[in-house]
Structure formats: C-alpha cells, structure tokens
Amino acid sequence: MKTMRICGLLMIFVFLLSMISPSKQVIIPKHFPEPVYDFEANPMNDTVVQLGRALFYDPILSKDGTISCASCHSPYNGFAHTDHRLSHGINDKIGFRNAPALFNLAWQSSFMWDGAIHNLHAQALHPITSANEMGESLENVLKKLNNSTLYRKLFAEAYGDPLIDSQRLLSSLAQFQLTLVSSQSKYDDVVNGLDDFTEVEGKGYQIFKKKCASCHVEPLFTSGDFESNGLMVDSTLQDVGRAKITLRASDNYKFKVPSLRNLSYTYPYMHDGRFDHIREILDHYNGLKIGDLEEPIHLSADDKTELINFLLCLDDKRFIFNQNNKFPREILLPSNN
Amino acid sequence: MQVRFSIIFLFLVSNVQSQTNLVLGVEWGGSPLILDKRYGQNQLHISTVKFYVGYPSPTIEIDPKPSGYNYHLYSSKDSSSHLMKIQSVSDSFSYNLIVGVDSLTNMTGPSQGDLDPMRGMYWTWQSGYINVKIEGGYTNEQGQKVELTYHLGGFLHGHLAAAEIGPALPVDANRLLVDLQQFFDAFDYQELPFVMSPGPDAQKLSHLFAQSFTYRQ
C-alpha cells in the first residue's frame, strides 16, 4: 500500500514536470505566456541541441570559413551584434541592419526586423546564403558537412543515422536557439516574489507601464508586432521595414518591436544601430506620440533616470554568462581541453 | 446499426486509395517546348521551367476542400520529374490540382523531398516557396537581348500565388500540359520582363500560368 502510494506520487510528479517544460532543454518560465513554437511537432533533443550549438559557432557555414552565426550574434552581448551599427559578413561586406538579439525565440511568430521570416527553421537560410553575410549556398554547406568526419559523427549521434540534409541542419540550429531563454533578470525575480525593486527602480517601473508597455509588453517586453517609432528614415539605407514584406503603404517604416531585455549588452539600438546609449533612445521618444498612447511621451530628467534604472533590471546576467550557451570547446576543439 | 454502417463506410473509404499517374509537360503552341529554341518574331526562348503541382493528401474526409496537400516538383531539365504519381482518395471524390504551395505549408517552413530548399525553389531572403520558375529571354526591336526571369511565389494575405488548375482532375487524364505560348500571350512580357518577389504581379502571373494548363488522355 505504501509502495503504491509512493509510485502514485512519483507519477504525479513526473506528470507535473512534463507540464512545466516540454523538454528538459527549454525552460518555460511559469510567468511567461505559452510559447508559439510547436514543441509537440518538433520535440527537443539534447544531442540535436549540442549539434546545433556546434553549428552556430562554426564558420564552416560561410563561404570562406570566417563567419559563423556567433560572429554577428555574440553570446557575450545577448546574441546581438555590438560595436557596429550594421552587421558585416565575409570580406567585411556591410549589411543593411543591426543583427537583433537572440533570446526567447519560442515566443516569436516572425523573425528579422521586418518579419520576413515566419518560421525559425527557415531563418538560418537567409544569413547562410546572403552575399553580405556568409555568402554560401545551402548545397555547399551540406557538402562540407558531409565531408567532415566530425559532423558525420555528430549528425549520426543526433539523428540515429548519418544522413546530413537541409532539414536536419536547420532543425539543429533552431533547437539550439530555442534554448536561449532569458527569464532571470531582477525584474523576473521581483515578479516571482524573490526580490524587490529599489525606490528608484519602482518609480521607473511605473513610468514604463504608463509610457512604454503598450509596445514593450511584459514579460517578454515586446508585443512581437511591427510599429513605427518615429525614426527618420536613414537617407542611405532607405529602409521601409515591414512594408517591404507586406507591400502595404501603412507598414512603411514599421519594424519589429525589440525586447528590452539585456539592453546593457545589446547596444547599439534600433534596426540600424543608430543609438549607442539608452539615454539617446529616451531623448528620441521624448515628445513623440507613439503607437496606442493617447498623449506624447514626456520625460523629465528624473523620469529618464528612473526609467533607465528600471530598464537595467531587465538585464539577465544568468543568461548572459550561461556557459551552456557559449562556444562548445569540447566539441569543436576537443584536443585543446 | 447506424454506427456500424459508419464504421464500415469509413473503413472502406480509408482503404480505397487510388493512384493516378500523370505525365507533366511543357508545350509551345501545342507542340513540346524545346529549351533554348527561338520562338516567334521576338526570338523568345526558355531555358528553365520549374513548378510545383499540389494534390490533396490522402484523407478520409469527404469535405471537398482538401485539408492538406502533397507536392510534386516538375523541372524541365530533370526527366525523372516528368511523371507525377498521385496517391489520393478514391476516384469517387473529385478535386482540383493546384500550381504552387499553399499558405499552410509555407508557414510550416522548409521541408524535405520535393519541398527541400536544396531544390532551389525556396526564397531565403523572405520565407516562402517559389511556386513557378521560368527563365529565358528574347530579342527586342533594337536587337538587344533581354532576360526574362519569373520567380513567382507569395502566400501572405493578398498575395497568394498558388492557384487551382481547372477543371477538376478528370478520371481518364494521363497528361497535364502547360502551354507557355498561351501564358506569354496573356500579358506583355516586354513591359514586365522580371518578377522575383511576392506581390500583385506574381499573383497575376501565377494565375495566368495555372490557366495555361490542360489535361489530355
């Protein structure tokens, strides 16, 4: 009888555990909404994640073997691209936009600043084949991978047979990126009752809720929608944003609302990296009527200070310094361990 | 009794799948297209023709609107793609083939087999399949060579380029042919020598292309 009770409790525990996370590799924070990504149709696999991690950091994906995904999506910068307004690829070719930060992708239904990519599995095709990024062809990438002893082994371990094809390549990259979940900032601790805001941070939070939250919706700090935030179009880039995809004039100069998490690490800001500091962003917004706000945003000097203090509470050091996301030395450079 | 009848009916339907073999082909004015041959006054020539043909996935549903599609990629340069095998529900249910890939399949992302992006029919700069690829050229009145490039696709609201081939697939059809002369006669290609992204032009040309198909025995 006691044994049956223990077994029953264990079964309940396992069942509850399965409800919290569809996979042991992806954390679904309990204060986050349901992910958009279909984990049931695409179940996570630890070995596939590690394969994807190796591919993410390996410049084998680029034509000349110099550029990896991590070249523009630096793990030390929230997987964004710093020091450059616009990202650059092989032969220092300059792109048209600043590489967005990569985290919480399971909650996004479209990718890129203009939402050109609507499925995470399709996203990697763009940088791999773009002349300004990796400049490679899918065919050549698969050829290189099939010629690599390491990748033949890794794919066989991940998928049970040595087939290396486009679907497995893209799926592996997607699975690694899905593990990049940022949900342990001070703000998250406060929401979960583990910490408190300081008085200044609390005031900043109130200002945020009044003036920023309509587009930067908690807890992801983005609505995932496309908005125009009053930026003057860059006269060189002439980037019309979302309108390029929908061909609707009403979408001119609209870009995907970025998350405000990890701002300390993901500068410069905006689709074209024009702002280096958070204060510049607030100066830009000051006086503008944006989105659904009924009145223009007015921020005093104190407001800006308080707001910045709150925004810094969205930095997630546990995510930024998570070694599980970093360059997989043990896979790509095993002899150096 | 009613339940038992339904179960028997469903069992029969689910197991009565038929296979139809269709030979796909491209013509010019009723004769087989010869790649790179010069046609007409403008010396129009075609170097590449590729397109997706979709047929309903085998299903026991009797709703006339298919709940999903399977796809076959025809390529003018790959003779193994000129025979399309359709595994579908019993001949009792009529359906239309489509040219292009439906929205749901597009949203699911790149797939395998004929839908593998390695087949060169998937846009990487903006997710989505290229439904029809026609490449070639012509010589204009000034004697200059002009390239023609049609990469027709799109599935977002208002730009759906996948189009039905009418009429419904005849039971006795053995061949499905598209006449490119009919296609090029339907619009001014000198005004529109290239379409390489989704939009109204891609949608219009996709539908004209679908209208250029006929079934033969």
Side-chain angles (χ1 to χ4, degrees), chain A residues 36-38 41-42 61 95-97 109-143 145-146 159 163-171 173-174 226 241-251, chain B residues 48 50 52 57 67-68 70-71 73 75 77-78 101-131 133 151-162 192 194-206:
Chain A
V36 172
Y37 185 83
D38 188 350
N42 303 286
L61 299 183
F96 302 106
R97 292 185 183 143
S109 55
S110 66
F111 306 91
M112 314 288 268
W113 283 104
D114 54 13
I117 312 294
H118 55 269
N119 186 294
L120 184 58
H121 290 242
Q123 196 280 331
L125 285 173
H126 174 82
I128 287 173
T129 59
S130 167
N132 292 331
E133 300 186 43
M134 294 176 172
E136 189 48 294
S137 71
L138 186 57
E139 192 181 14
N140 267 356
V141 168
L142 293 177
K143 223 180 263 180
L145 293 175
N146 273 289
Y159 292 100
L163 172 68
I164 302 177
D165 66 7
S166 58
Q167 193 168 46
R168 288 179 173 181
L169 163 67
L170 298 171
S171 183
L173 283 166
F226 303 90
R242 182 67 177 157
K244 184 184 165 197
I245 305 305
T246 63
L247 305 181
R248 291 197 289 249
S250 56
D251 285 336
Chain B
T48 298
K50 293 171 83 168
Y52 280 109
S57 300
S67 55
N70 288 343
Y71 289 96
L73 176 63
S75 172
K77 294 175 183 169
D78 178 9
V101 181
D102 69 290
S103 298
L104 191 58
T105 305
N106 267 290
M107 290 294 290
T108 313
S111 189
Q112 291 177 307
D114 278 8
L115 293 175
D116 191 325
M118 282 280 292
R119 306 302 299 271
M121 297 289 280
Y122 195 86
W123 275 312
T124 57
W125 56 272
Q126 178 181 338
S127 297
Y129 283 97
I130 302 169
N131 296 336
K133 212 181 237 190
H151 296 177
L152 309 178
F155 64 95
L156 291 181
H157 172 70
H159 302 146
L160 181 61
L192 193 63
F194 56 84
V195 175
M196 291 180 286
S197 53
D201 286 336
Q203 188 177 35
K204 174 185 145 193
L205 293 188
S206 295

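Hydrogens, waters and symmetry mates are skipped; everything else that's a heavy atom, side chains included, is used. Below, chains carry the letters A, B, ... as their sequence lines are ordered, and counting in each starts from 1.
G128(B) and H118(A) get closest at one heavy-atom pair: N-CE1, 4.3 Å. Scanning both residues, Q112(B) and D165(A), for their nearest heavy atoms gives NE2-OD2, 3.1 Å. Minimum interatomic distance between G109(B) and N119(A) (heavy atoms only, all atoms of both residues): N-ND2, 3.6 Å. Residues W125(B) and A116(A) come closest through the heavy atom pair O-CB, 3.6 Å.
Proximity to chain A (any heavy atom under 4.5 Å) is shown, for P110(B), by both the backbone and the side chain.
Atom-to-atom distance recorded for I245(A):CD1 and H159(B):NE2 is 11.0 Å, nearest 0.5 angstrom. Atom CE of residue M118(B) and atom OG of residue S137(A) lie 8.0 Å apart, to the nearest 0.5 angstrom. Put simply, NZ on K244(A) and CD on Q126(B) are 7.5 Å apart, with the number rounded to the nearest 0.5 Å.
Looking only at side-chain heavy atoms (C-beta outward), Q167(A) and S111(B) come within less than 4.5 Å of each other. Residues L247(A) and S197(B) have side chains not in contact (no heavy-atom distance under 4.5 Å, counting atoms from C-beta outward).
Interface check for chain B: of the options I128(A), L142(A), I117(A), the most heavy-atom pairs under 4.5 Å are formed by I117(A). Residue with the most contacts toward chain B among L170(A), T246(A), T129(A), L125(A): L125(A) (heavy-atom pairs, distance under 4.5 Å). Contacts with chain A were tallied for L156(B), T124(B), D116(B); T124(B) has the most, counting heavy-atom pairs under 4.5 Å.
For F96(A), the CZ atom sits in a loose shell: 12 or fewer heavy atoms of surrounding residues, nucleotides or ligands are nearer than 6.0 Å.
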